[in-house]
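Beneath this line is the structure, given in structure tokens, with notes to follow.
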There are 2 protein chains.
Amino acid sequence: MTKPTVRKRETYHVGNLVPLLLSAAREMLEEVGPTKLSMRALSERVGVSSAAIYHHYSNRAELIVHLAALGFRELGKVHAVRDKTAPSLQKLRTGCLTYLNFARSNPALYQLMFGPECSAETISPVLLKAREEAFNELMEAVAEILNLDKEIEEVHDAAFSIWSYTHGLASLVIHGAMQPPPNMTEEGLIDKTLQGFAHLLNATQGTANSPA
Amino acid sequence: MTKPTVRKRETYHVGNLVPLLLSAAREMLEEVGPTKLSMRALSERVGVSSAAIYHHYSNRAELIVHLAALGFRELGKVHAVRDKTAPSLQKLRTGCLTYLNFARSNPALYQLMFGPECSAETISPVLLKAREEAFNELMEAVAEILNLDKEIEEVHDAAFSIWSYTHGLASLVIHGAMQPPPNMTEEGLIDKTLQGFAHLLNATQGTANSPA
DNA sequence: ACCTGAACACCGTTCAAGT
DNA sequence: ACCTGAACACCGTTCAAGT
């Protein structure tokens, strides 16, 4: 009770650090938010010296990037399960729902994945690959919805379109910039926005320069 | 040449700090990126002690929020200029273009505005008001596109839809998650994604549970 | 009222030394 | 090979003291 009990390390940690680090980091991330993950706090949580981390990741940026890559792999995985027999609209809705669900269940991780710390200049191949594979899964899903081959340009374009929309939706909802009425389900939110889009596109039909 | 010339302050700064601070902060933000704006570096740039800032903003978070609010006011302003005589599709396209343009011209500020440091828990009324006014401007634009009264629910829904889409698009492009072919203009990017959406919605028409 | 210097408690990162 | 303690250069924030 006299001194603030600086609980000294009693053991000399050995081996197997990486998975411990990663899972602790992921936990802390959701606790403290996407910008406040600290190397020192993380090392303390895991029970090693802060310098220990640097034998596995060259710096904080690299740890962050590996965390994000893990997120993209997971995002790809949840999109890999698809019901091929469902009608197109159903496929579209459940696809969007899956995406929104992932984002809302891992808000800090999601913000990290698309945040400035994983941005263009950080060309880390680990992250790049994970992200590309996630986008690829998305394209497969879109190909099934459109009933077209995945290599066709329209599929790529459409995939980019729904990615923009779902990412925007997830992003705004997590951020709190727009909050849906509290009684609205995620399905409801997706249906509402999808209908909103349909209205908009209908209203702009028949005027000049309509899509090819 | 002997000592690293720590250039001592010669004058005692007086008054008018806030605008200097804000404009310097905005400049630095784009230079160092949305996560790395430092109070100490900012104060040095402006030529005051780091403690001086705290007489105008109670902490870093508040400075950030005011910077973001400034961004939302500007976003609202650029959307306020509209050509009421244009056909609906034209209105939609130029609206999206304006949005994308603002985001790409102020990438760090844009990321800040929608980043975790301006997130839900930060209920700062300054930011809230600026953001609401920006969204309001967006709703006016959508009302004109749909030729409906702004208070109608469909307008609100449609506004939320395009906000999701344009924010997602801007966000992904700034982030670098998807990069458009270098020869593609912003108009081209918007047309492509808009068409992608139209395809998708067409393909899902006529299956079960179509929109009301 | 507004600004400053010095201090405190943090942080990322490095490095010689320990196991 | 993997880990540690101590150090360095940063950072946000506070506060008594100066103008």
Side-chain angles (χ1 to χ4, degrees), chain A residues 3-22 24-25 28-29 31-68 112 115-118 121-122 124, chain B residues 3-22 24-25 28-29 31-68 112 115-118 121-122 124:
Chain A
K3 287 188 182 177
T5 333
V6 189
R7 196 192 294 272
K8 255 198 178 166
R9 212 187 321 282
E10 270 126 32
T11 55
Y12 185 95
H13 185 276
V14 53
N16 203 39
L17 240 194
V18 173
L20 288 184
L21 241 27
L22 239 35
M28 289 189 76
L29 191 70
E31 285 169 24
V32 304
T35 57
K36 293 195 199 90
L37 184 60
S38 133
M39 300 295 265
R40 286 181 112 117
L42 173 60
S43 65
E44 200 174 330
R45 171 102 119 207
V46 171
V48 296
S49 75
S50 61
I53 305 185
Y54 292 85
H55 291 272
H56 304 278
Y57 299 101
S58 67
N59 51 33
R60 199 187 103 105
E62 200 178 303
L63 207 213
I64 294 281
V65 152
H66 279 256
L67 215 47
L112 194 77
E117 296 180 310
C118 297
E121 54 264 39
T122 316
S124 160
Chain B
K3 289 189 184 178
T5 333
V6 190
R7 195 191 296 271
K8 256 201 179 165
R9 213 186 321 283
E10 271 126 33
T11 56
Y12 184 94
H13 185 277
V14 52
N16 204 37
L17 241 193
V18 173
L20 288 183
L21 240 28
L22 238 36
M28 289 188 75
L29 192 70
E31 285 169 23
V32 304
T35 58
K36 293 196 199 88
L37 184 60
S38 132
M39 299 296 264
R40 286 181 113 115
L42 173 60
S43 66
E44 201 173 331
R45 172 102 117 203
V46 171
V48 297
S49 75
S50 61
I53 306 185
Y54 292 85
H55 290 272
H56 304 278
Y57 299 101
S58 66
N59 52 31
R60 199 187 104 107
E62 199 179 304
L63 208 212
I64 295 280
V65 153
H66 278 256
L67 215 46
L112 194 77
E117 295 179 310
C118 297
E121 54 264 40
T122 315
S124 161

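Note that this is a predicted model, so its numbers are computed, not measured. The sequence lines fix the lettering, A, B, ..., with proteins before strands; numbering per chain opens at 1.
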Closest-nucleotide ordering on DNA chain C, the 5'-leading residue of A41(A) and S58(A): A41(A)

Beyond-backbone contact of R45(B) with E31(B), side-chain heavy atoms, under 4.5 angstrom: yes

Rounded to whole angstroms, how far apart are [atom1] on [X] and [atom2] on [N]?
{"X": "E44(B)", "N": "dG5(C)", "atom1": "CD", "atom2": "P", "value": "12 Å"}
{"X": "Y54(A)", "N": "dA16(C)", "atom1": "OH", "atom2": "P", "value": "17 Å"}
{"X": "Y57(A)", "N": "dG12(C)", "atom1": "OH", "atom2": "C1'", "value": "17 Å"}
{"X": "L42(B)", "N": "dC10(D)", "atom1": "CG", "atom2": "P", "value": "17 Å"}
{"X": "L37(A)", "N": "dC10(C)", "atom1": "CG", "atom2": "P", "value": "17 Å"}
{"X": "M39(B)", "N": "dC10(D)", "atom1": "CE", "atom2": "C1'", "value": "15 Å"}
{"X": "I64(A)", "N": "dC11(C)", "atom1": "CD1", "atom2": "P", "value": "14 Å"}
{"X": "R60(A)", "N": "dT14(C)", "atom1": "CZ", "atom2": "C1'", "value": "18 Å"}

Sugar-phosphate only, base, or nothing, as touched by I53(B) at under 4.0 Å among non-hydrogen atoms: nothing

Sugar-phosphate, base or nothing in reach of R40(A), heavy atoms under 4.0 Å: base

Under 4.0 angstrom between [X] side-chain N/O and [N] OP1 or OP2:
{"X": "S50(A)", "N": "dT4(D)", "value": "no"}
{"X": "S49(A)", "N": "dC3(D)", "value": "no"}
{"X": "H56(A)", "N": "dC3(D)", "value": "yes"}

Heavy-atom pair of closest approach, residues L20(A) and N16(A): CG-O, 3.8 Å

Exercise: identify the closest heavy-atom pair between L29(B) and P34(B):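 Closest approach of L29(B) to P34(B): CD1-CA, 3.9 Å.
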
Check: H55(A) side chain, dC2(D) base, donor-acceptor under 3.5 Å: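 No pair found.
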
Complementary nucleotide for dG5(C) - Watson-Crick or wobble, under 3.5 Å: dC15(D)

Pair partner, dC10(C) [Watson-Crick or wobble, under 3.5 Å]: none

Out of dT4(D), dT13(D), dG12(C), whichever nucleotide has its closest atom nearest the side chain of A52(A): dT4(D)

First of S38(B) and A51(B) reached from the 5' end of DNA chain D, by closest nucleotide: S38(B)

Verdict with supporting geometry, M39(B) and S50(B), side chain to side chain contact (heavy atoms under 4.5 Å, CB included): CA-CA 7 Å; M39(B) 299 296 264; S50(B) 61; 5.6 Å; no

Greater than 12 external heavy atoms within 6.0 Å of E62(A)'s CD: yes

